[in-house]
Amino acid sequence: MARYSCESQSVALITLTNPPVNALSYAVRQGILAGLRKASADPAVKSVVLCGANGKFCAGAEISEFNSDPTRRLPMLVDIINLMEKSDKPVVAAIEGVALGGGLEVALGCHYRIAQCQAKVGLPEVTLGILPGAGGTQRLPRLVGVNAALDIITSGRHMLASEALKLGIVDEIVDSNTVEAAIALAKKAEGLPIGPRRICSKTVQCPDNLEAILDEATKKIKKQARGALSPLVCIQAVRMATQLPFSEGMKKERELFNTLVTSGQASALRYAFFAQRAVEKWTTPSGNWKTAVALPIHTAAVIGLGTMGRGITVSLVKAGIPVIALEDNQRQLDIGKKAVEALLGQVAQKLEPPENKNDSNLLSRVKYTLNFAELRDVDLVIEAVFEDMMLKKGVFRKLTAVCKPEAFLCTNTSGLDVDQIASVTTRPERVIGTHFFAPAHVMKLLEVVRGHRTSPQTIGTVMKLAKALNKIGVVVGNCPGFVGNRMLAPYSENACFLLEEGSQPEEVDRVLEEFGFAMGLFRVIDLSGLDVGWRSRREKGLTGPELPPGTPPRSRNGKRYCPIPDLLVENGRLGQKTGKGWYQYVKPGGRVSSPDPWIQDFLKSYRLTHNIKTRYIDQDEIIERCLYPLINEGFKILEEDIAAGPEDIDIIYIYGYGWPKHTGGPMYYAWTVGLPKVLSKLEKYSEAYPDVPSMKPSNLLRKLVSNGSPSPSQWRTVTRPSNSKL
Ligand code: CAA
Ligand code: NAI
């Protein structure tokens, strides 16, 4: 709803009231409309101020209403904004907290905008698979020009009030008392001409190189948001603003909006929006966020300053948490320190003034040491040494001895048993897995691995820490590879089988990238290094000198095995770091890849040696054989209760593995493909490849299909897990 009151006699105040974020629900829209009509009819009212209750202007449309009954869509927001803009009494927006999406569109329909300096504004509709459909694509280019409007609308980014002021989106910023300042401004505006303040009456300043700008934006989107429809349609809408009069542009905007809002991508993105919020409300049988009181983390330590430790250190420092970084020897400490300082330098450059003036502030938050005794007072430790159980146990023994009893002990292991690590401590309830993703200061995901004895308070504290680090924490159970890496194994295994049977790495990658992955699988492996997987296979006894003599090259323990990745490592092809992997690079450490004729020859002779008949493998088969076993593993994970629900798996894949968000994540995607189809394909491949267990359909998938393939939100109700590990 919206509250109406009269301030200082001549100013009407309309307060949007729909906690927690004053989204523009049916009742709020009705309230604004009623308020505007009342103000218009009251001769004593000379101006209007629009604000939001509880320090939040408005976070835009009520997202859950997109699926609702069309009769409840009236009054339309777009009509309310038009009416407001036409008003002959000046309307001032008092922006506190957020003005996002429809919220900013409302503000753009006002004649003046004042923002509190911490407020954030933006048009994030694109992240929901739609476009700003209440005039945003037509008003913003008129206000800030084509370049800035394209950037804001196609990225969906939230910007601080200071940037909005520079761009001219807001007229004034204040430190506090925003509503009072807006009322004062409204009074000043009474009697001033309103015409020039109406954005709809402005013309778009068209740059000479408009076509080049639009082309450039299109290219950038196609590269950055592969397969996503809405950013491209947003560009079309901005183009309309440059070509058509306002009212015609608005009609086009509506047409384009209507197409997008009913698309599968928009549904998937809405699912992802709510899934992200659902996973943050983690729960386990022994407690949840409601009962667990998270403790504050004032100081932290990071053990091991390799690839991950550096990023984790930077992530903590960025969140204002001082870090003691510990290494094994002086040389590694010096190398790690240099790397952390370089990363912090980059972070400082991106900070808003005055924090970016010098980076010494950030640098001073890290202390480097070789001495465990220095960790005695820290609140939390994150271990990031080599992936070696003996080594990690040794580190946790030392930590138990030196850290205060209430300190939380976290491991960044990417798949080792958290319970085993906890078993060497005297405080297993305070031990937890914090699985960051590389680069750790950039990637949004934190897989939070709960051991059998981890306490709800430990989970709660780490989940709160995730939020402070600007990451999305997802609580999962403890099993080899947890959720993310466990699902990755069948994906990579089956992608390699495709190479044996006739595909090339670049063909598989092209199909995956066209599907929407930021990077194809083989490109990703080149980036992280082929030796990582090789070490883990060697640990498991699948390759390396310990392999018993006479082991068949393409089989392990009765299951199909592809030795190609091992052969590449043995040939020194470790990926980008050696300049050769699945692709070739101009030099070691190079980033630009090209298909390598060596790989083609190698695959040819490998197939000949093993007498493998090759055939053409089409796009559909590549997708099915790469992604369906990954999804199948996801169902097994749900069956074992390693993940609380499909939403958790989807968020892990979207934010940790570059899965295209506009498909909703692997489990939601499976549902949109049709669970019966996924099941029948897995059955087909399982029959064709009986020695590939990852193709054998999971029981949960079968149960869901026989229960009529309900939507992911209902999967839990269909079948309760029998052997819960969460
Ligand atoms: N509609 C419905 N619910 C919303 C909402 C919205 N626009 N924005 C936030 N919420 C809900 C969340 O689901 C969450 O609910 P629960 O507590 O029940 O889980 C609650 O508000 C708080 O949200 P967050 O947990 O995200 O809180 P936060 O403080 O971390 O972030 C925020 C606040 C920045 C506003 C963030 O919620 C956000 O980005 N919201 C979405 C903004 C957006 O995309 N707006 C565009 C909507 S589309 C549109 O506006 C188009 C149009 O007009 C035609
Ligand atoms: P790395 O090899 O880059 O770095 C490990 C660091 O630990 C080295 O600097 C080493 O000197 C240090 N170290 C070894 N023993 C030590 C000890 N006793 N005390 C202090 N420091 C010690 O390894 P990386 O890649 O950073 O991995 C670390 C952990 O993170 C592993 O468990 C790995 O599985 C996990 N991980 C790795 C990811 C990646 O992409 N590299 C992603 C997610 C998790």
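In each ligand, atom 1 is the first atom listed, and ligand 1 is the first ligand listed.
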Per-residue contact class, [X] against ligand 1 - non-hydrogen pairs under 4.0 Å:
X	result
H158	side chain
R277	side chain
V21	side chain
E280	neither
A59	both
L128	side chain
E105	side chain

Any nitrogen or oxygen of [X], main chain or side chain, under 3.5 Å from a nitrogen or oxygen of ligand 2?
X	value
S414	yes
T413	no
G309	no

Winner among [options] once heavy atoms are compared against [atom]:
atom	options	result
atom 43 (C) of ligand 1	P124, G102, G101	P124
atom 17 (O) of ligand 1	K281, E62, K56	K281
atom 34 (C) of ligand 1	V106, L100, T127, V261	L100

- Message: Please enumerate all residues that pass salt bridge (Lys or Arg N to Asp or Glu O under 4.0 Å) together with R142, with sequence neighbours excluded.
- Response: none
When you measure from [atom] to the protein, is at least one non-hydrogen atom found at a distance under 4.0 Å?
atom	result
atom 47 (C) of ligand 1	yes
atom 15 (O) of ligand 1	no
atom 29 (O) of ligand 1	no
atom 25 (O) of ligand 1	yes
atom 39 (O) of ligand 1	yes

- Item | Residue-ligand contact A384/ligand 2, heavy atom below 4.0 Å | yes
Under a 3.5 Å threshold, yes or no: a donor from one side chain and an acceptor from the other, between [X] and [Y]?
X	Y	value
E387	T413	yes
K318	N470	no
E62	S64	yes
Y655	D650	no

- Taking N or O atoms only and a 3.5 Å limit, does A61 qualify as a polar contact for ligand 1? yes
- ligand 1 to I63 polar contact by distance, N or O atoms, under 3.5 Å: yes
- Item | Residue G60 vicinity, atoms of ligand 1 by number, heavy atom under 4.0 Å |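 Matching atoms, with element in brackets: 50 (O).
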Which atoms of ligand 2 have any heavy atom of [X] under 4.0 Å away?
X	answer
I303	19 (N), 20 (C)
H435	43 (C), 44 (C)
K392	31 (C), 32 (O)
A438	40 (O)
Q332	9 (O), 11 (O)
G304	7 (O), 12 (C), 21 (N)

Any non-hydrogen side-chain atom of [X] less than 4.5 Å from a side-chain atom of [Y]?
X	Y	result
E163	R157	yes
R535	E539	no
N18	L24	no
Q30	P75	yes
P480	D417	no

- Measure L391 to ligand 2 on non-hydrogen atoms and call it side chain, backbone, both or neither using the 4.0 Å cut-off. side chain
- Logged contact type for F436 with ligand 2, heavy-atom cut-off 4.0 Å, is backbone
Give me the nearest non-hydrogen protein atom to [atom] as residue plus atom name, then the distance to 0.1 Å.
atom	result
atom 31 (C) of ligand 2	V385 O, 3.2 Å
atom 41 (C) of ligand 1	F273 CE1, 3.6 Å
atom 27 (O) of ligand 2	M308 CG, 3.9 Å
atom 4 (O) of ligand 2	G306 CA, 3.2 Å
atom 33 (C) of ligand 2	E387 OE1, 3.7 Å
atom 30 (O) of ligand 2	N412 ND2, 2.9 Å
atom 2 (O) of ligand 2	F386 CE2, 3.1 Å
atom 8 (C) of ligand 2	E327 OE2, 3.4 Å
atom 3 (O) of ligand 2	T307 N, 3.0 Å

- Query: Does P20 come within less than 4.0 angstrom of ligand 1, counting non-hydrogen atoms of the residue?
  - Reply: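 P20 counts as a contact of ligand 1 under the 4.0 Å cut-off.
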- So, does Q276 sit close enough to ligand 1 that a heavy atom of it is under 4.0 Å from the ligand? no
Backbone N/O of [Y] and side chain of [X]: donor-acceptor pair under 3.5 Å:
X	Y	answer
Y271	A266	no
D526	W582	yes
E105	G136	yes
Y368	L326	no
N485	L488	no
E383	V385	yes
S263	L260	yes

- May I have the step-by-step check of side-chain contact (heavy atoms from CB on, under 4.5 Å) for L229 and H662, ending in yes or no? CA-CA 9 Å; L229 261 179; H662 60 262; over 6 Å; no
- Message: Given the ring of Y26, does R29 sit roughly above its face, with NZ or CZ under 6.0 Å from the centre of the six-membered ring and within 45° of the axis?
- Response: no
- Query: Taking all non-hydrogen atoms of both residues, which atom of P231 and which atom of A225 are closest, and how far apart?
  - Reply: CG-CB, 4.3 Å
- Item | For the student: nearest non-hydrogen atoms of C410 and V462, plus distance |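 Minimum heavy-atom contact is SG-CG2, 4.4 Å.
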- Assess the pair Y657 and F517: is the distance between their ring centroids shorter than 6.0 Å? no
